[in-house]
Undergrad: 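Shown below is the structure under consideration.
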Number of protein chains: 2
Amino acid sequence: MSGQGRSGGRPTLEEVAVRAGVGRGTVSRVINGSSKVSEHTRAVVEAAVAELGYVPNRAARALAANRTDAIALVIPEPEARFFAEPYFSDVVRGVGATLAETDVQLVLTLAGGERERRRLAQYLSGHRVDGVLLVSVHAGDPLPELLAELGIPAVISGRRSADETLPCVDSDNLAGAAGAVRHLLGRGRRAVATITGPLDVYGAQCRLDGYRQALAAAGHPVDELLIAPGDFTEEGGRRAMRELLERRPALDAVFAASDVMAAGARLELRAAGRRIPQDVALVGFDDSVVARHMDPPLTSVRQPIEEMGRTMARVLLERIAGGPADAAVVLPTELVVRESS
Amino acid sequence: MSGQGRSGGRPTLEEVAVRAGVGRGTVSRVINGSSKVSEHTRAVVEAAVAELGYVPNRAARALAANRTDAIALVIPEPEARFFAEPYFSDVVRGVGATLAETDVQLVLTLAGGERERRRLAQYLSGHRVDGVLLVSVHAGDPLPELLAELGIPAVISGRRSADETLPCVDSDNLAGAAGAVRHLLGRGRRAVATITGPLDVYGAQCRLDGYRQALAAAGHPVDELLIAPGDFTEEGGRRAMRELLERRPALDAVFAASDVMAAGARLELRAAGRRIPQDVALVGFDDSVVARHMDPPLTSVRQPIEEMGRTMARVLLERIAGGPADAAVVLPTELVVRESS
DNA sequence: GACGCCGATGGGAGCGCTCCCACACTGTGG
DNA sequence: CCACAGTGTGGGAGCGCTCCCATCGGCGTC
């Protein structure tokens, strides 16, 4: 912080070299912690670095080394609203935690409409980041292919299908859903309904599969009329619940594939005079703020979002380094039992 | 996307120049949309750019021009949890919206513990960003001074005191709080209590001032025993509410300086057998997810967070450009009336 | 005692851009 | 007809680093 500057600017590698009485190459080696530098020289250089308060110039480094030491996190704007809550900040926190150990910076990119999407493509072709973190990509999204073409490493969360081509990090949607349903059955519920997410989203499909498997494993036949499609929105949840109550008035439990839909379902159940959990038990998915503050507090399946962020970043860094990285990581979920079930 | 590359890499300025049959300087001028280039030459160059799919190399540009075209958004990690909800993503969305028009990238920085803080200082001294967006800075934080010393433009949201030295963008905490209290009085409430935030946070102080002013303006004396200190946490809200009920059992309304504290207060009111809003009306601040999903839904003061983000970015860009920028922007809040009052 | 080898080091050659000075050229006024 | 602005334009000189090759001792070897 003391104003060292001989000529105004921050010190350069060259100046450190002069100060330490060595060559540029040597200082560079020390800075990059690499290869063969004698114990003594290293000490001298480090002293000079400290004295001058030298900090390498990122742009120069990027230019010379042809890497940016930056990765991008692409946020699909439109959805952002939905999973805004803890999701967004938790992912960022996780990613940040992994990156904190390194010298890699996190660039945030909002890719909403067609237009932003195009800009993003431009942006990425500019080779402005070493890698990309993708979150919740839709089936038809061209971005993954573009990245592959450009040879930019990428990691995805929320795989697009069972055979995702990109390395991906997901939570165990199937097991989480199955656990929730098992929990309901375990509490003596007989007619367990489910409100699904949009089934073209792979994760939503998995949750439905989990529902089916849990039922099957318990020897219950699956009643298709107990399955209602939702779309991850509150309104969608209400609609689905209404439908279910009409078709199967005797249901005594509902597993909603998201907390927000559960919130919608709750309103509808109230309106129909059903008490939660006495008449109908309700379980959600995500363990979001909504779940904790619902009345009654909602039992929900928690995803380790922050850890997913950490893992995504780790896998991407490995990928960038060229090392062998996991192609798919699935992290366990956890059922958080509250008063709604 | 077609593999132009003569030698593999992406095309450079030089190559565009050759293709267009002009000099490097001219292409640079066209790219930067600047100064005097003849109509004809511009067209030729633009054609060459399009044909080659040229995208400028950000690192080279940064090195040569000594600017990075990047700004940092510093997130104070520890608090992140609290105002995680919409706040974080809304700010980012706003900032992103402003930045979308430009070629500036958003770098996210988590500055939590002492250690990260130090890293951040290092980072910023590396001149790695053109400007910094600060959110919710504590009174004793050294960061603003560091930035001033380094001559890095910064904009703050959540000013530290009435005479903030940095340009800042805030919502009108005082008016928002006053409006909430006026609303309660307007509904015939007589004994309006308040749960404050930590008073060393300027915004929290403003909300308390707003409470006082509204009372005063309505000709009510301020009863100091109706004021209980909180800390923006749910537990703090509970504690404060307990205190209030003990001291002033006859209170019939509570203005909490945050939704989360209101959530805590609600639990305590329930436990004490008070009905909301029949016995006690409750109003929060932030209009977070919690407010919408509380039972009953919470009346709350909404801050235009996304717009704050947009404005912060705009002011910072002006600052960076060297133009005259607003020193302080205060955006209006809005009372969202729901069933709790 | 000359040779070869290896770890440690110095420094040239860029990386792709911006900046800016110098150099046409075209007009205009004296 | 020449001097003199005023436009456009070309291209040299870096920006601060990394890469890599040449160099230099010191030491074991035949």
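Order of the sequence lines sets the chain letters (A, B, ...), proteins ahead of strands, with each chain counted from 1. Keep in mind the model is a prediction, meaning the values are calculated, not measured.
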Undergrad: May I ask you to evaluate whether A:Thr41 reaches the phosphate of C:dT9, defined as a side-chain N or O under 4.0 Å from OP1 or OP2?
TA: yes
Undergrad: Using 4.0 Å as the upper bound for N to carboxylate O, is an ion pair formed by B:Asp103 and A:Arg128?
TA: yes
Undergrad: B:Arg61 side chain N/O closer than 4.0 Å to the phosphate oxygens (OP1, OP2) of C:dT18?
TA: yes
Undergrad: When you measure from the side-chain N and O atoms of A:Thr12 to the phosphate of D:dC15, is any distance below 4.0 Å, counting only OP1 and OP2?
TA: no
Undergrad: Applying a 4.0 Å non-hydrogen cut-off, can you work out what B:Asn66 is touching in the nucleic acid: base, sugar-phosphate, or nothing?
TA: nothing
Undergrad: Starting at CG of B:Leu63 and ending at P of C:dG14, how long is that distance when rounded to a whole Å?
TA: 17 Å
Undergrad: Measure from the side-chain heavy atoms of A:Tyr54 and tell me the nearest of D:dG8, D:dC17, C:dC15.
TA: D:dC17
Undergrad: Kindly indicate, with the supporting measurements, whether the criterion salt bridge (Lys or Arg N to Asp or Glu O under 4.0 Å) is fulfilled by B:Arg314 and B:Asp326.
TA: CA-CA 10 Å; B:Arg314 207 199 62 228; B:Asp326 304 303; 3.4 Å; yes
Undergrad: Distance check needed: C:dT9 C1' versus A:Glu39 CD, whole Å only.
TA: 16 Å
Undergrad: Taking 4.0 Å as the cut-off, does a side-chain nitrogen or oxygen of A:Asn32 come that near to OP1 or OP2 on D:dT18?
TA: yes
Undergrad: Is the phosphate of D:dT18, meaning OP1 or OP2, less than 4.0 Å from a side-chain N or O of A:Ser28?
TA: yes
Undergrad: Would you say that B:Leu133 contacts B:Val74 through its side chain, given a criterion of any heavy-atom pair below 4.5 Å between the two side chains?
TA: no
Undergrad: Which nucleotide, D:dG11, D:dC15, D:dC17, lies nearest any side-chain atom of B:Ala64?
TA: D:dC15
Undergrad: Check whether any side-chain nitrogen or oxygen of B:Thr26 sits under 4.0 Å from OP1 or OP2 of D:dG10, and answer yes or no.
TA: yes
Undergrad: If you check the A:Leu13 side chain, which of C:dT9, D:dT18, D:dT9 turns out closest?
TA: D:dT18
Undergrad: Could you check how far CD of A:Glu15 sits from C1' of D:dC15, rounded to whole Å?
TA: 13 Å
Undergrad: Starting at the 5' end of DNA chain D, which residue's closest nucleotide do you reach first, B:Val22 or A:Arg24?
TA: B:Val22
Undergrad: Measure from the side-chain N and O atoms of A:Asp170 to the backbone N and O of A:Gly158, and report whether any donor-acceptor pair falls under 3.5 Å.
TA: yes
Undergrad: State, without any angle test, whether B:Arg58 and B:Thr68 hold a side-chain donor-acceptor pair at a distance under 3.5 Å.
TA: no
Undergrad: Would you kindly give the CZ-to-P distance between B:Arg29 and D:dT7, to the nearest whole Å?
TA: 14 Å
Undergrad: Side chain of A:Val37 only, heavy atoms from C-beta on: which candidate in C:dT9, D:dG10, D:dG8 is closest?
TA: C:dT9
Undergrad: Between C:dG14 atom C1' and B:Asn57 atom CG, what is the distance in whole Å?
TA: 14 Å
Undergrad: Rounded to the nearest angstrom, tell me the gap between atom CZ in B:Arg58 and atom P in C:dC17.
TA: 13 Å
Undergrad: Rounded to whole Å, how long is the line connecting atom CZ of B:Arg10 with atom C1' of C:dG16?
TA: 14 Å
